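Here's the structure, in structure tokens; my notes come after.
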Amino acid sequence: MNERELLMIPGPVAFDPAVLRALSAPSRSHVSPEFIATFGNVLRQLRQVCLAPSAQPFVVAGSGTLAMEMAVANLVEPGQHALVVNTGYFSDRMGMLLERHGAQVTHLRAPVGDAPTAEQLRAALTERPYAVVTLTHVDTSTGVRAPVKALLEALRGTGVLSIVDGVCATAGEEFRQDDWGADVYLTASQKAVGVPPGLALLTVSPRAIEAWRQRKTPVRSLYADFGEWLPIHEAYAAGRPAYFATPAVNLVCALEVSLGQILAEGMERRFARHREMARAFRAAWAAMGLELVPRSEELAANTLSALRLPEGVDGALLGRIRDEGVVVAGGLHPELKARSFRVGHMNAITPADVLATVGAVERALVRCGMKLEPGVGVAAAQRALLS
Ligand SMILES: *Cc1c(COP(=O)(O)O)cnc(C)c1O
């Protein structure tokens, strides 16, 4: 394996060396004063990154799917109705989790590459007394960014709890949890948050905590139960040791470094940088004749590009791109699996990464037999970066 390969997949992403150094430090006791201070700081930082000053953060060892399951396990009781605003593979997964925890699930689906609108959501809400609605901020299988602000607006005043899957969005796409009124925002460490895989992260509104307190039935998972984790997180936030299950101490130390870098950049600048890098990629894709899976620029995520393979080019393209030094991902959505590929562009992404990636894709397409004027994609990206 070439250690200088550029990793451009939608998670795990390329990580900052300072974050990786934190992982290799000797593990501390999870009840040492130093680690308690780190954990307390991480909880404050996570609130700031999610623009959720009122929220209760949770940092638990596990992947993004655990963060999804924690939200569902705590906020849904058997027999309740749940609505999945479905934009792809990860929305389907949310539906599976809801069913597993006893909810009666309805999907509000859009065609592949599209997203349900706020009007469609308002209409769907009149059909049943939903307890929760789930949204996928960026569905990594389609590259679609749902219009979460407008969708959350449609839920305002209805009393329905909202769960927003931000696994491929948090700390890359604009999201203002308190202002926009989301009850749960959840993510994982390995995408735009910039820490190797292994942490499930959630920020939970006071309203959702209250709904959890009012449950009539116990949470059906011990590990996922807010009731087990809340005292631990409250203790760490107050500078006291506590134990339920051993935290991933090295990952939490790395998270403190990464969240510190994110906040030092500033959320507004970070959102803007992701927008600008994505715009340069989209200019390059258009110039090379590559078609996005999302049906409009408006719906296209800033954290990754999902692209259709051009006529006459097959999945061998991915190997060719890797031969050119860049790793991209294959298709994931069942309807697109063999006919699409995905390029992640989140976290520490720079103009240098954009140009290296576009150049590698361009050379690989030419080597696959596509008629392309060498440099058209790179030139379009340069123009976008300079404008
Ligand atoms: C990656 C991803 C997940 C799943 O996260 P894992 O860490 O792989 O469990 C969930 N939702 C979205 C939108 C994702 O991109």
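One-based numbering, in listed order, for ligands and for the atoms of each. Since we're looking at a predicted model, the values are computed, not measured. Values below: all heavy atoms of this structure, side chains included; hydrogens, waters and symmetry mates excluded.
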### Rounded distance (nearest 0.5 Å) linking atom CZ of Arg295 with atom CG of Asp114
5.0 Å

### Task
Specify the protein heavy atom at minimum distance from atom 3 (C) of ligand 1: its residue, its atom name, and the distance to 0.1 Å.
Phe90 CE2, 3.3 Å

### Query
Hey, what's the ring geometry for Trp180 with Phe175, parallel, tilted or perpendicular (30° and 60° as the breaks)?
perpendicular

### Task
Report yes or no: does His137 have a heavy atom closer than 4.0 Å to ligand 1?
no

### Task
Taking atom CD of Glu210 as the centre, report whether more than 12 heavy atoms of other residues, nucleotides or ligands fall under 6.0 Å from it.
yes

### Query
Hey, is Asp139 one of the residues with a heavy atom under 4.0 angstrom from ligand 1?
no

### Task
Number the atoms of ligand 1 from 1 as they appear, then name those within less than 4.0 Å of a heavy atom of Cys168, with their elements.
15 (O)

### Query
For the rings on Phe39 and His30, is their centre-to-centre separation under 6.0 Å?
no

#### Entry: Phe15 six-ring centre to Lys191 NZ/CZ under 6.0 Å and within 45° of normal
no

### Query
With a 4.0 Å heavy-atom cut-off (strictly under), which part of Asp165 contacts ligand 1: side chain, backbone, both or neither?
side chain

### Message
Would Val138 count as a contact residue for ligand 1, given that I'm defining contact as a non-hydrogen atom of the residue lying under 4.0 Å from a ligand atom?
### Response
yes

### Query
Atoms of ligand 1 less than 4.0 Å from Gly64 heavy atoms?
5 (O), 6 (P), 7 (O), 9 (O)

### Query
Ser63 heavy atoms, cut-off 4.0 Å: which ligand 1 atoms fall inside?
6 (P), 7 (O), 9 (O)

### Task
Using side chain to side chain contact (heavy atoms under 4.5 Å, CB included) as the criterion, point out the one residue from Arg273, Glu265, Met267 that pairs with Arg269.
Glu265

### Query
Is there a nitrogen or oxygen of Lys191 sitting under 3.5 Å from a nitrogen or oxygen of ligand 1?
yes

### Task
State whether a side-chain donor-acceptor pair under 3.5 Å links Thr106 with Tyr130.
yes

### Query
Relative to the heavy atoms of Thr65, which atoms of ligand 1 are at a distance of less than 4.0 Å?
4 (C), 5 (O), 6 (P), 9 (O)

### Task
Using the salt bridge (Lys or Arg N to Asp or Glu O under 4.0 Å) rule, take Arg367 and Glu324 through it: C-alpha gap first, then chi angles, then the decisive distance, then the call.
CA-CA 10 Å; Arg367 293 194 205 286; Glu324 299 297 332; 2.6 Å; yes

### Identity and distance of the protein heavy atom lying nearest atom 8 (O) of ligand 1
Gln190 NE2, 4.0 Å

### Numbered atoms and elements of ligand 1 in range of Met68, under 4.0 angstrom, heavy atoms
10 (C)

### Task
Give a yes or no on whether the ring-centroid distance for His345 and Phe281 is below 6.0 angstrom.
yes

### Query
Any N or O of Thr140 that comes nearer than 3.5 Å to an N or O of ligand 1?
yes

